[in-house]
Amino acid sequence: MTTAHENSAAGGPNPAKVVADGQMRDGVLVVAVTGEVDLDAAQELSRALEGGLEGPASCVVADFSRVTFCDSTGLNVLLRAHHGGDLRIAGPPPSVTRLLELTGADAVLRVYPDVATAVAGG
């Protein structure tokens, strides 16, 4: 049996996509992330998050609601971006939530149940 992650590594159906929607919501830039966040997606995700934090946005929300996999490389991108400014993670699936809990990153990163809550900061 092949996992979704193995499919992606072999050019399968779940490569990550990182899209900054270009719209500021109350001074917040939302970056939509889909698919697998791993070594192949790290550079693109890093550029989107860090670029947003260096721009006019007061903070960046990483919408992880459509992420199917995240490894330690993706986690390191999130932690580096967090140290560069106000980063919020919205809607991570259970597998990403578990990764954050196991590594203790949930005590450092600001995680919200959905984009609207993350944008509001509450």
Side-chain angles (χ1 to χ4, degrees):
M1 178 180 223
T2 303
T3 66
H5 180 66
E6 289 167 342
N7 279 338
S8 177
N14 288 321
K17 284 185 170 180
V18 179
V19 179
D21 71 7
Q23 294 194 8
M24 300 289 276
R25 301 178 193 178
D26 298 324
V28 176
L29 176 67
V30 177
V31 175
V33 186
T34 62
E36 299 181 358
V37 180
D38 56 13
L39 182 61
D40 293 334
Q43 188 173 25
E44 184 179 2
L45 179 60
S46 180
R47 272 195 304 263
L49 297 178
E50 292 173 12
L53 290 168
E54 292 170 357
S58 62
C59 82
V60 173
V61 170
D63 179 1
F64 263 49
S65 62
R66 293 188 177 148
V67 168
T68 57
F69 174 82
C70 182
D71 68 6
S72 61
T73 305
L75 177 60
N76 282 324
V77 168
L78 294 175
L79 291 169
R80 277 193 311 272
H82 164 74
H83 290 294
D86 186 358
L87 174 68
R88 303 170 189 176
I89 313 301
S95 62
V96 175
T97 300
R98 183 76 173 134
L99 173 66
L100 298 174
E101 291 170 351
L102 287 172
T103 60
D106 62 333
V108 175
L109 297 171
R110 296 171 60 188
V111 181
Y112 297 85
D114 54 52
V115 171
T117 308
V119 168

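Numbers for residues simply follow the sequence, beginning at 1.
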- Nearest heavy-atom neighbours spanning Ala81 and Leu53: O-CD1, 3.1 Å
- Tightest non-hydrogen contact, residues Ala90 and Ala118, listed as CB-CB, 4.0 Å
- Message: Is it the case that over 12 heavy atoms from other parts of the model lie below 6.0 angstrom from the CZ atom of Arg80?
- Response: yes
- Query: Do Val119 and Val30 have side chains that get closer than 4.5 Å, going by heavy atoms?
  - Reply: yes
- Is there a donor-acceptor pair under 3.5 Å between the side chain of Thr34 and the backbone N or O of Val67? no
- Query: Hey, which of Ile89, Val96, Leu99, Val108 is the one that makes side chain to side chain contact (heavy atoms under 4.5 Å, CB included) with Leu78?
  - Reply: Ile89
- Message: Nearest 0.5 Å, please: how far is CG in Leu45 from CD in Glu50?
- Response: 9.0 Å
- Message: I'd like to know if the side chain of Thr117 reaches the main chain of Tyr112, judged simply by a donor and an acceptor atom lying under 3.5 Å from each other, with no hydrogens or angles considered.
- Response: no
- Query: Asp71 side chain to Gly74 main-chain N or O, any donor-acceptor pair under 3.5 Å?
  - Reply: yes
- Shortest non-hydrogen contact from Ser58 to Asp26? OG-O, 4.4 Å
- Item | Spacing of Leu75 atom CG and Thr103 atom OG1 [to the nearest 0.5 Å] | 4.5 Å
- For Gln43, look at atom CD and say whether over 12 heavy atoms of other residues, nucleotides or ligands are found less than 6.0 Å away. no
- side-chain contact (heavy atoms from CB on, under 4.5 Å) assessment of Asp38 paired with Thr73: CA-CA 6 Å; Asp38 56 13; Thr73 305; 5.7 Å; no
- Query: Can you list the steps and then say if Arg25 with Val61 is a side-chain contact (heavy atoms from CB on, under 4.5 Å)?
  - Reply: CA-CA 10 Å; Arg25 301 178 193 178; Val61 170; over 6 Å; no
- Task: Taking all heavy atoms of Asp63 and all of Ser65, pick out the closest pair and write down the distance.
- Result: OD1-OG, 2.7 Å
- Query: Can Arg110 and Asp86 be said to form a side-chain contact (heavy atoms from CB on, under 4.5 Å), step by step?
  - Reply: CA-CA 9 Å; Arg110 296 171 60 188; Asp86 186 358; 3.0 Å; yes
- Task: Measure across Val18 and Ala48 and return the closest heavy-atom pair with its distance rounded to 0.1 Å.
- Result: CG1-CB, 3.5 Å
- Note on the structure: Closest heavy-atom pair, Ala41 versus Glu36, reported as atoms and distance to 0.1 Å, is CB-O, 3.7 Å
